[in-house]
Structures are given as structure tokens and as C-alpha cells.
There are 2 protein chains.
Amino acid sequence: MKINGIAYRSVWRDQAGSAVRIFDQTRLPWAVEELRLSRWEDCAEAIRSMRVRGAPLIGAVAAYGVALAMEADAGTLDPVLEALNATRPTAINLRWALDRQRSRLHNLPPAQRAAAAWAEADAIADDDAETCRRIGENGLPLLAEIAARKGRVQVLTHCNAGWLATVDWGTALAPIYMAHDTGLDVHVWVDETRPRNQGAALTAFELGAHGVKHTVVADNAGGHLMQHGEVDIVLVGTDRVTRQGDVANKIGTYLKALAAHDNGVPFWVALPHSTLDMRVRDGVAEIPIEERGAAEVTEMTGRTADGRIETVRVVADGSGAANPAFDVTPARLVTGLVTERGRCAANEAALLAMYPEKA
Amino acid sequence: MKINGIAYRSVWRDQAGSAVRIFDQTRLPWAVEELRLSRWEDCAEAIRSMRVRGAPLIGAVAAYGVALAMEADAGTLDPVLEALNATRPTAINLRWALDRQRSRLHNLPPAQRAAAAWAEADAIADDDAETCRRIGENGLPLLAEIAARKGRVQVLTHCNAGWLATVDWGTALAPIYMAHDTGLDVHVWVDETRPRNQGAALTAFELGAHGVKHTVVADNAGGHLMQHGEVDIVLVGTDRVTRQGDVANKIGTYLKALAAHDNGVPFWVALPHSTLDMRVRDGVAEIPIEERGAAEVTEMTGRTADGRIETVRVVADGSGAANPAFDVTPARLVTGLVTERGRCAANEAALLAMYPEKA
């Protein structure tokens with residue numbers, strides 16, 4: 001998508017030789033800084049330090065890391081795969097992308113590995129962008145129908161499920177970008193998304209840079225907005241969807257689903273096939289929820305009026321904090337799912353009809 | 001309640017002559033600073049600058065302001081009442097306390113006004129403390145019943161409805177303090193309460209200073225905690241309760257009420273009689289919701305590691321914010337109300353049975 005009118009992806013091949021470029025997302029939204037990654041170790045560091053984040057983007061950067069390693073020394077495949085896999089051990093797309101490189105490369109003679117690895121990494125990135133573009137196409141009719149009826153469409157989203165988390169387009173934001181690009185009058189309520197503020201920092205940045213109208217709100221505000229008819233549809237991404245259609249996503253998503261249900265607002269979830277986890281049925285009971293550090297709640301980082309980046313404590317001294325990072329929205333609160341294959345209800349029969357190979 | 005083992009109120013008579021003392025709440029939780037108010041203009045400034053906040057506390061400080069004015073010049077009653085009333089024009093308790101002083105004083109000869117005004121201000125403060133103490137007594141059985149059954153009780157609260165917002169005890173926190181003081185094993189989940197962070201700053205400070213176990217969480221976390229049985233009861237204060245039992249309170253309260261309802265967790269609201277507004281029936285339709293400045297969402301203030309108080313921007317540049325300050329929880333989601341007279345259901349018949357004089 002665009003920044004100041006120029007189209008970008010979140011990772012791309014450097015024009016000037018063997019390297020890739022990313023935006024240092026730890027500097028966003030305060031500075032838009034490109035980083036050039038010319039060694040596989042640079043890719044590992046970028047993933048480990050969360051200069052790139054979002055499961056699909058992590059996978060693509062790791063795949064490019066393999067290509068850089070093969071160009072430097074084609075004999076290092078196994079240790080490099082292992083080292084890259086260890087950068088963020090829980091990200092499922094990371095392992096998936098590295099497995100794809102392993103399958104492609106391990107039977108090739110070393111002299112052919114670099115070219116094949118570059119091609120495979122490009123394919124992984126292109127596949128992700130195409131998957132997200134299709135999610136956008138399949139979600140667009142939801143927004144177009146509302147806009148046709150009401151003249152405009154107001155979407156509420158939570159966290160960041162945009163192009164900065166994927167290679168391009170994003171998941172939940174893909175239909176929004178497509179609606180904007182096709183001229184629909186779309187306005188997005190962006191949940192701040194405490195404690196890590198991915199909405200206030202990244203989603204607001206993305207939408208603003210592409211020119212999409214949006215307004216940031218405290219996570220507390222969504223229910224009130226829905227009670228007063230200010231939200232036409234809720235559209236969120238997800239970290240895992242279970243066989244019965246339960247949706248794990250950033251903490252607080254469940255509260256918005258409850259409010260949507262209580263106010264008759266459609267609640268849709270956008271995902272690629274890779275986010276489906278058919279081994280798990282009951283999301284609330286079965287999905288372990290990561291408990292992250294208390295400092296994410298007790299401290300906030302931002303920019304002072306004179307431009308310094310400062311971290312401040314916002315919780316009374318001596319008070320501790322808990323920080324569950326995700327919650328699970330039961331399928332009964334989910335109006336439907338948008339995937340690269342189309343739209344379906346959030347239940348096992350509908351998911352198996354759309355993905356029969358996952359039975 | 002207590003700070004470091006010493007019992008305080010939020011406003012009290014100075015031992016050393018004609019003055020009152022408060023805590024400068026704009027400095028909390030980073031510094032516990034007593035301010036001595038020796039002129040009525042000091043009281044006006046403290047209210048206007050939000051050094052004291054919370055409707056009951058504002059009323060008491062204004063009443064003491066009248067006493068200080070009468071001691072300085074008993075001929076200034078009317079202009080002082082007018083000036084104090086203008087400090088926070090929308091706070092209903094402010095006008096109520098000043099009307100009470102006016103009724104008491106305006107027929108007295110000037111020489112008798114100072115003593116009468118001090119006595120009336122003391123009575124207003126004592127009445128508020130007693131009202132809140134009774135709310136505590138009437139709410140305590142709710143917590144005691146759970147503790148008897150489960151060995152301990154976990155409460156979730158939103159915003160600050162504690163002694164810092166009243167003269168002593170608080171409303172929603174009064175039953176919690178009473179449970180703690182009577183030896184029940186009580187733990188409080190404190191919602192951060194974005195955007196003004198009254199939970200993270202004031203409620204956490206209050207509970208910590210009195211020795212009540214508590215944990216701060218992002219406003220997003222409550223639904224997840226309830227799904228997993230970590231909340232036994234939700235207890236909140238309110239800014240207005242309507243004839244049919246709808247509850248206006250800090251933005252985000254409605255989302256917690258939805259989650260409580262979805263998980264079978266009791267949702268109780270604590271209030272004094274003065275918060276009942278029998279002229280309004282349908283809270284969602286009829287109560288105007290204050291829209292506050294966007295800077296409360298886009299900026300946060302806290303303390304740096306080296307002790308400076310800094311304000312940082314936390315929203316991407318160029319992105320605007322909306323800031324509705326309250327929402328309305330429909331009566332159907334409210335398990336019951338706790339008042340100084342007892343407990344009742346959130347509906348007109350129950351409210352009129354408890355407050356027949358308000359018919």
C-alpha cells in the first residue's frame with residue numbers, strides 16, 4: 001500500500017544488489033526508516049528485535065534471510081534454518097516459510113541454492129500479497145453493500161491487521177484499502193489497542209499514509225459507538241481460528257464482539273488459510289493465552305512535544321499488572337469469516353466446505 | 001481510608017487554625033502532597049484545577065470554601081456562592097452543597113455566619129462519609145457470600161469510585177475496603193481506564209496505600225478474565241442512574257457489563273441517593289454523553305525512570321481521535337444497585353420502593 005503516494009510492500013528486494021529492505025517498525029509511527037538487510041544475521045536480528053512483526057511478514061523476511069545466507073555460503077543451510085527458526089519460536093508462519101525453503105533447497109547442489117532461495121523467497125512474499133489481495137476482494141462486497149445502502153461505511157477494527165503485519169494489503173485492512181481505492185466513502189474507528197498500542201501507532205499510521213479516513217478511540221469507546229449507530233461493521237484479523245470457528249485475536253476483541261452482537265452490528269474476521277487450526281475445537285478451553293510482561297501495561301512509550309522518545313510509567317508505584325495478550329471470541333458471536341477463497345460462516349461445516357483438504 | 005497506616009479523608013480541617021487540607025490529586029500517584037487551603041479562592045482554584053475531583057469531594061471542598069469566606073468577610077456570601085458554583089458548572093453535587101450553605105446562612109446575621117458555615121461544611125463532609133460507609137455495609141454481604149463459598153473474592157472495577165472521589169470510603173470501593181478491613185481475602189482487578197487512567201493512577205494508588213491486594217489490567221482484559229473464572233463480581237460506581245435503572249458511568253463500563261452478563265458474573269453498581277435521576281428514563285437515548293478533548297487519547301502523562309513527569313504522544317502523527325467520556329449500561333445488564341439504604345434491583349419499581357420520596 002502507499003506512503004505519501006508511493007506504493008510499498010513491508011519487505012522488498014533492494015535494487016542495488018543482494019539485499020532486502022524493510023521499514024524499522026520499532027521506529028514507527030515516529031520515523032519512517034528503511035533498513036537494508038544484506039546478511040542473514042540482519043534478518044534474524046530484525047525479527048528478534050521486532051523491527052518486523054506480524055506472522056506473514058516474519059515468514060517472508062526469514063525466507064529472504066535464507067537466500068542471503070545461501071549467497072554467502074551455500075553450505076550453511078541447516079544451521080541458518082535453525083538459527084532463523086529460533087528468532088521467534090512461537091510464530092507459526094516462520095516455521096512454515098523455513099520448511100518451504102528447506103524442501104526447495106536441501107536436495108539442490110550448493111551452486112544452485114542461492115538462485116533457488118531468492119526465487120522461493122520472492123514466491124513466498126508474492127503468495128502472501130496475493131492471498132491478502134484476495135481477502136480484500138472477498139471482503140469488499142460487505143463494505144460495498146453498506147455503502148450502497150447508507151452512502152458511506154463506518155468500520156471498527158482492533159489491533160493491527162494491515163499491510164505492515166503482512167507483505168502487502170493486510171488481512172482485516174485489505175477490504176478497507178480496496179473499498180477506499182475503489183472510491184467508497186469509508187471511515188475506520190481504530191481501537192488504540194492497549195497495552196501495546198498497535199492500533200494507535202501502526203493501524204493509524206498505515207491508514208493515514210494511504211489516505212484512508214480514520215479516527216483513533218480508546219478501547220473502551222466501541223460499545224458506546226455501536227449503541228449510537230456509529231459502527232456499521234466490525235472487521236478484525238486473527239491469530240488462530242479453530243475447527244468450530246472460535247477466534248483467538250488480540251486481547252479485547254471478545255468485548256467488541258459482545259458489543260456488536262448486542263447492537264446487531266456484523267462482526268467479521270479476516271484470515272488466510274494458514275491461520276486455521278483444525279486440531280483445536282473449543283478455543284476458550286483449549287487455546288493457551290500468552291501472558292506477557294507487566295511493563296507493557298505499567299509503561300507507555302511515545303514522543304514528547306520536543307521530539308524525544310520517552311517511556312513513562314502510568315501505573316501507581318507498587319501496583320502490579322497482569323497482561324494476557326489474546327482472548328478468544330466464541331464462534332456464536334462471529335457473523336462470518338473472510339478468507340482468500342471467499343466468505344463463510346464460523347462453524348466446522350462451513351470451514352470444511354471451503355477447505356475440504358483440511359478435513 | 002489509610003495511607004501508610006494513617007487514616008485520612010480526602011478533605012479535612014487543619015489543626016492549626018482556619019483552613020482545610022486536601023491532597024493535590026493532580027500530583028497523584030507520583031507524589032502525595034497535602035495542600036493547605038486558607039482562603040476561599042484557594043478552594044475555588046483547587047476545584048477548577050482538578051486538584052480535587054469526584055462530585056462528592058468537590059461539594060465538600062466548596063462548602064469549606066464558603067466557611068473560609070464567611071470568616072474573612074461575612075458580607076460576601078452571594079458573590080462567593082456564585083464564584084464557587086462557576087468552578088465546575090456541571091458537577092451536580094457542587095450546586096447541591098452550595099445551596100445547602102445558602103439555606104443555612106442567608107437569614108443569619110453576619111456575625112453568626114462563619115461558625116454556622118464551618119458546622120454546615122463539617123456536616124456535609126460527615127454526611128458524605130456516612131453515606132459511603134453505609135454503601136460499604138450494604139455491599140459487604142455480596143463479597144462476604146462469595147468469600148464464604150470460595151475462600152476468597154475477586155472483584156473487577158472500572159475507573160475510580162474510591163475515597164479520593166468522595167470524602168471517605170468511596171462508592172464502589174467502600175464494600176471492598178470493608179471486606180478487607182474485616183479480614184476477607186479480597187483481590188481487585190483494576191481496569192486501567194483509558195483515556196484518563198483513573199484506574200491505573202488513582203484506584204491502584206488508593207488500594208495499594210490501604211493495603212488491598214490488586215492488579216492493574218488493560219481495559220481489554222476483563223472479558224478474558226471473566227471467561228476463565230477469574231472475576232467473581234464486577235462492582236462499579238456511576239455518574240447517573242435513571243428511573244428505569246440504566247447506568248451512566250465512565251466509558252467502557254458497558255463492555256464489562258456485557259462480558260459479565262455473557263459469563264454469569266454478577267454486575268453491581270454502587271451509588272448514593274444523589275446520583276439517582278428520576279427525570280430520565282431511557283439512559284441510552286436520553287443522557288447526553290460528554291465528548292472530551294482528543295488530547296486525552298493521543299497523549300499520555302507519566303513518570304520517566306529518572307523521575308521526570310513527561311507527556312508523550314502515543315498516536316501516529318496526523319491521526320485524530322474521538323473521546324466520548326461516558327457510556328450507558330442498560331438496566332437489563334445490571335444485577336443490582338447498592339445504595340446507603342440497601343440493595344435493590346435496577347428497575348423503577350425497586351427504586352421507588354427504596355426511595356418512595358422520589359416518586
Side-chain angles (χ1 to χ4, degrees), chain A residues 28-30 189-190 192-195 197 200-202 204-205 207-208 214-225 227-228 250-252 254-256 258-259 262 284 289 297-305 309-324 326-328, chain B residues 28-30 189-190 192-195 197 200-202 204-205 207-208 214-225 227-228 250-252 254-256 258-259 262 284 289 297-305 309-324 326-328:
Chain A
L28 287 175
W30 312 118
W189 297 106
V190 178
E192 175 183 38
T193 319
R194 287 283 288 147
N197 295 20
L202 300 177
F205 169 79
L207 293 174
H214 65 283
T215 304
V216 176
V217 286
D219 300 304
N220 284 321
H224 169 75
L225 295 173
Q227 282 179 320
H228 291 272
K250 189 63 52 188
I251 190 79
Y254 166 54
L255 295 173
K256 293 304 143 60
L258 285 167
D262 199 47
V284 175
I289 299 296
V297 176
T298 59
E299 298 178 352
M300 289 190 77
T301 298
R303 196 191 52 202
T304 62
I309 304 299
E310 289 271 16
T311 297
V312 294
R313 184 176 171 95
V314 293
V315 168
D317 287 321
S319 294
N323 186 13
F326 303 94
D327 64 21
V328 174
Chain B
L28 288 174
W30 312 119
W189 297 106
V190 178
E192 175 183 40
T193 318
R194 285 283 289 149
N197 295 18
L202 300 177
F205 168 79
L207 294 174
H214 65 283
T215 304
V216 176
V217 287
D219 301 305
N220 284 322
H224 168 76
L225 294 173
Q227 282 179 321
H228 291 270
K250 190 64 52 191
I251 190 78
Y254 166 52
L255 295 172
K256 293 303 142 61
L258 285 167
D262 200 47
V284 175
I289 299 296
V297 176
T298 58
E299 298 177 353
M300 290 191 76
T301 298
R303 195 191 53 202
T304 62
I309 304 299
E310 290 270 16
T311 297
V312 294
R313 184 176 172 95
V314 293
V315 169
D317 286 321
S319 294
N323 185 13
F326 303 94
D327 64 21
V328 174

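Numbers restart at 1 for each chain; the letters A, B, ... are given by sequence-line order, proteins then strands. Given the structure is predicted, the values throughout are model-derived calculations rather than measurements.
Ranked by heavy-atom pairs under 4.5 Å with chain A, the first of B/D219, B/N197, B/L202 is B/D219. The residue among B/G302, B/P324, B/G222 with the most heavy atom pairs within less than 4.5 Å of chain A is B/G302. Top candidate by heavy-atom pairs under 4.5 Å with chain B, chosen from A/V314, A/D327, A/V297, is A/V314. Contacts with chain A were tallied for B/G318, B/A204, B/P29, B/A321; B/A321 has the most, counting heavy-atom pairs under 4.5 Å. Chain B forms the most heavy-atom pairs under 4.5 Å with one residue out of A/G208, A/A305, A/P195, A/A221, and that residue is A/A221. Most heavy-atom pairs under 4.5 Å with chain B, from the set A/A201, A/A218, A/G320: that is A/G320. Most heavy-atom pairs under 4.5 Å with chain B: of the set A/D262, A/T193, A/V190, this distinction falls to A/D262.
In this structure, the separation between CG on B/L225 and CD1 on A/I251 is 7.0 Å, given to the nearest 0.5 Å. Here A/N220 contributes atom CG and B/N323 contributes atom CG; the two are 10.5 Å apart, rounded to the nearest 0.5 Å.
For a residue to count as touching a neighbouring chain, one of its non-hydrogen atoms must lie under 4.5 Å from one of that chain's; by this rule A/T298 does not touch chain B. At a 4.5 Å heavy-atom cutoff, the contact between B/T311 and chain A is made by backbone atoms alone. For B/I289, the part sitting under 4.5 Å from any heavy atom of chain A is the side chain, from C-beta outward, and nothing else. Using a 4.5 Å cut-off between heavy atoms, A/E192 touches chain B through its side chain atoms alone. Using a 4.5 Å cut-off between heavy atoms, A/Y254 contacts chain B through its side chain alone, with no backbone atom that close.
The heavy-atom pair separating B/A259 from A/L255 by the smallest distance is CB-CD2, 3.7 Å. Nearest heavy-atom pair, B/V312 versus A/T304, reported as atom, atom and distance to 0.1 Å: CG1-CG2, 4.0 Å.
Looking at A/D317 and B/F205, their side chains never come closer than 4.5 Å, going by heavy atoms from C-beta outward.
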| Hey, mind stepping through B/H224 and A/V328 against side chain to side chain contact (heavy atoms under 4.5 Å, CB included) and telling me if it holds? | CA-CA 7 Å; B/H224 168 76; A/V328 174; over 6 Å; no
